[in-house]
Amino acid sequence: MKKWVNWTIVWDIAQKILIGLGKWCRFVWATLQWTFRPPFRPKNFFKQMEFIGVQSIPIILLTGLFTGMVFALQTGKTFSLFKMQNLVGATVGLALTREIAPVFAALMVTARACSAMAAEIGTMKVTEQIDALHTMAIDPIQYLVTPRVLGCIVMVPLLTMLFNFIGVIGAYIVGTTLLNIPSGPFLHHLYWYVDPQDVNGGLIKAAFFGFFIAAISCYKGFATEGGAEGVGRATTGAVVASSVTVLVVDYFLTTWILEYFTDIYG
Amino acid sequence: MAENRYIDILDLHKSFNGQKVLQGVNLQIPKGKITVIIGPSGCGKTVLLRHVIGLMKPDRGRVTIDGVNLHALTRLELNKFRRHFGMLFQQAALFDSMNVYENVAFPLKEHTKLSENQIQKIVADKLILVGLEGIQRKMPSELSGGMKKRVGLARALALEPDIILYDEPTTGLDPIMTEAIDNLITDMQRKLKVTSVVISHDIPSAFRISDQIAMVYEGKIVEVGAPESFRKSSHPAVQEFLKKGEARF
Amino acid sequence: MKLSNEVKVGLFAAAIIIIITMVTIRVGDKSIISGGDYDLMGIFTNATGLYPKAAVEVAGVSIGVVKNIGLTADGKAQVTMGVNRDVHLPQNSRCFLRTRGFLGEAFVEIIPGDSSLPPLKDGEFFTTTESGGDINGMVNQFNSIADDVKEITHTLKGWVNEKEGGAIASTVNNLNDFVKVMRDLTTKNEQNLDRIVNNMADLTHEIKSMVQNSKQDVENSMDRIASITQKIDEGRGTIGKLVNDPETAQKLNDAVDSLNEALGGYKKMELGFGFQTEYLNRSKDFKNYFNVSLSPTPDESILLGLVSDPSPDTKREKRITGVTVGGTTTTVTTENEVLQRDSVLFSAQLAKKFYDFTIRGGIIESKGGVGLDYLKGPVGVSFSAFDFENKFNEKPHLKLTGSVNVTQNLYLVGGADDPLNPAQKTDYFVGGGFRLVDDDIKSLLGLSSMVKK
Ligand SMILES: Nc1ncnc2c1ncn2[C@@H]1O[C@H](COP(=O)(O)OP(=O)(O)OP(=O)(O)O)[C@@H](O)[C@H]1O
Ligand SMILES: [Mg+2]
């Protein structure tokens, strides 16, 4: 008789997941420990911030502008059925600050910077550069991972803010030109309905996303085995795992942040 | 601690996915001497060297240095220990995001408070030692295999460590360069009392420079001794190896 | 130029910090309550569709936001509103729940009450609230209208439907019958009709000749009317002048304008009247005051007063009287040097208010003097000093008065008069008075319509 579920395979998969999770947790723990241990390397930190943040500005501007524009167009079309076009600004503003900007900024950084992290660290692993660091009495986690994780934690919120800003500009352009929304009501509703708490909640989420994508991608780089192919696998794995994690973590953070940060007047 | 038991490798076992690589290696490495390790390719010489610097953990056995069990140390203690080590990797393992100067200067910048000028001077000196004057601005990808290896050597020497592990320092070099590197290794040992462990496939040069030769075969040290006594070994694998090795030259 | 990583990161971070600051200012500034707000509560039977942050409006102007919506113990909606500090709503203001448009947002509308009442304070409740109709109510109404319409169309259909013998169908039938009868009649009475037509023709002829005969009279009348209007046009006669002279018209306009201005100015000036009487225990007599106050602004006023001073005592006695009347209206009167029964003194002072204090100065009871009043709630203290002349070795005349407001218009006073005078003992007094301000006067005189324009 054929078994419906092959429990051996299920157990193997579960074990792999659990082992991966356990190793990742140890990795994160080590990263945390090394973060607060001297020597500190501000040069590396700034280099990573430049790479993660400054170099991501163009892609964030581009995606942010078009996201805001498309979003305004779509909500505008629907809202005009109810003669509520004036609320387009507020809708786009709230959606951007709370949800879209943090997630998109994190995904963009994942695609641009975190894949590069996994590939770079993976290559260092397979060409013994990591071992070389070890032999020189330098902890590779401290040297390679800490600046990247910190860089992401700092830069993803900044990029999110940029995304917010440019997205609202995109929505404004579409709203006032294509949808013929008068700019006064558009801005009034935007300012009225969007609260600092919304922006702050989004930025806090972004910081968490930054931590997760960097920690996952660096971990994937460190776990690389076996040459160029292994580097490729690590890179793909890093992007997939980071993106999925962003979306999953977003759900939980949103629930929490809605719970604790959007109480209107504190 | 006895001078001749500076690095003490005791009953070292290591296997990868069921493949037994080291099966009880016992070896004493004396302080301030040059020990050359030979053996057929893939027999586990590099694996042995990695255990000596703590990059790998043995399945069984231990490595003690000056009486300290290397594998019982915490990461921080291990790092303190490693500052006395220099290691040349078989594939050089240069940081490919840095140019030659930055590679060689890296350990100096990380572990000393020297000024940029002093570091520049040291780097230039080390590059002259390995015969690569004035290539500071080149990236590793622009170097040949032999050049990479020599830059790696310059980097291993930069901090002037007490113990230097060389993984095939002369493989892939021309005879003149080989001799220069051999002289460099012996110079270091004579002038600075450096303890050296050299993996080599070059039997003549091994006899030329070594104070002690050891042969790894089938996961064990089958013969170890001063060059003269080593040559007289009765182990058939050693004799075979020596015969083939010296015949090449 | 090559920038270092630090500079690039710094520039980027600075740009974002500027954006965050800008956004925070824009978004954080719920400008209506930016200057601070106070909470007012309203209890509604039903707060459907109302959410936190909904607008609170007076006459379509936002004055605050809904902060919180909770439930009272007896199952009603308790709405907390944050209202701009600068907006004061009288106690009997009413509070309504309204909806903008069909699907629009719910908001709270407040209709301010009687401005003479004290304003609602932080944490107080609106006494009158009304929950607006929700969409369900509207839909129900639509449904019943639709039912009515259906009924009407149903009836109409019944009328039209011939087979069912509907009303319209039978009306049409009746018309048919009627037309048929008419046709029959006409054919039968053809001759009679001919005669009628002939008679009509005769009649019109006669009318025509009548009109022709009196034509001359009509023309004369018309001529006369024409000549009168012509005269007026040319500016002859008084009416003609009035109508035609542009100067006259201009003067009239000016007169109307200045009248408007005068009324406008009067309207702005707050007017107060007061009467006060005091019994002086030493003099054993009454002293009466009549005061008028004019306040062009809430904290400045001109105080005018007449004082009847019985001065029954010795010649050199000074009489001082300070009068403290509620708010800004204060008058003090003074002294009489010679024994002079029932003399009338006058006061004229300028007063300026700082917080609860009023400083005044000018002529007090026909002598130069200054005064200071303090009024907090219903209780007031007033101090006056005047008649600094020292002819008879007298000290300045001082007067200390305390007052308590009994109602808005009635008050009691008591105090000490001329305590420094060496010639006599301090005169203590008690008394009372009443005071009328603007609105009271207007309603009293029935002028409200005129003044309020
Ligand atoms: N990280 C590893 N994972 C799995 N197997 C390994 C690993 N490192 C080494 N091995 C295996 O161990 C054996 C010994 O390898 P090692 O690199 O020590 O050889 P070697 O003696 O240095 O050879 P060569 O002279 O060619 O450098 C090889 O068979 C290799 O397959
Ligand atoms: Mg090797």
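Chain identifiers are assigned alphabetically (A, B, ...) following the order of the sequence lines, protein sequences preceding nucleic acid strands; residue numbering begins at 1 within each chain.
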Count the heavy atoms belonging to other residues, nucleotides or ligands that lie under 6.0 Å from [atom1] of [X], then report whether that count exceeds 12.
X        : atom1 : answer
A:Gln15  : CD    : yes
B:Phe16  : CZ    : yes
B:Lys148 : NZ    : yes
A:Arg26  : CZ    : no
A:Phe51  : CZ    : yes
A:Phe104 : CZ    : no
A:Gln33  : CD    : yes

Contact class of A:Leu133 relative to chain B, heavy atoms under 4.5 angstrom:
both
For A:Met136, is it the side chain, the backbone, both, or neither that has a heavy atom closer than 4.5 Å to a heavy atom of chain B?
both
Nearest 0.5 angstrom please: [X] [atom1] to [Y] [atom2], how far?
X        : Y        : atom1 : atom2 : result
A:Gln129 : B:Asn103 : CD    : CG    : 8.0 Å
B:Thr46  : A:Glu128 : OG1   : CD    : 8.0 Å
B:Met56  : A:His134 : CE    : NE2   : 11.5 Å
B:Phe89  : A:Asp131 : CZ    : CG    : 5.0 Å

Within a strict 4.5 Å, meaning less than it, do heavy atoms of the A:Asp139 and B:Arg75 side chains meet?
yes
Decide yes or no for B:Gln91 and A:Thr127: does some side-chain heavy atom of the first lie under 4.5 Å from some side-chain heavy atom of the second?
no
Turns out that what part of B:Leu76 lies under 4.5 Å from chain A's heavy atoms comes down to side chain
Can you name the closest pair of heavy atoms from A:Ala137 and B:Arg83 and give their distance?
CB-CG, 3.7 Å
For a quick test of reading the model, state the closest non-hydrogen atom pair linking B:Ala93 to A:Ala132 and the distance between them.
O-CB, 3.9 Å
Ring-ring centroid check A:Tyr143 B:Phe106, cutoff 6.0 Å:
yes
Which residue out of B:Arg82, B:Lys80, B:Arg155 racks up the most heavy-atom pairs below 4.5 Å with chain A?
B:Arg82
Hey, mind stepping through A:Ile138 and B:His111 against side-chain contact (heavy atoms from CB on, under 4.5 Å) and telling me if it holds?
CA-CA 9 Å; A:Ile138 291 156; B:His111 294 307; 3.9 Å; yes
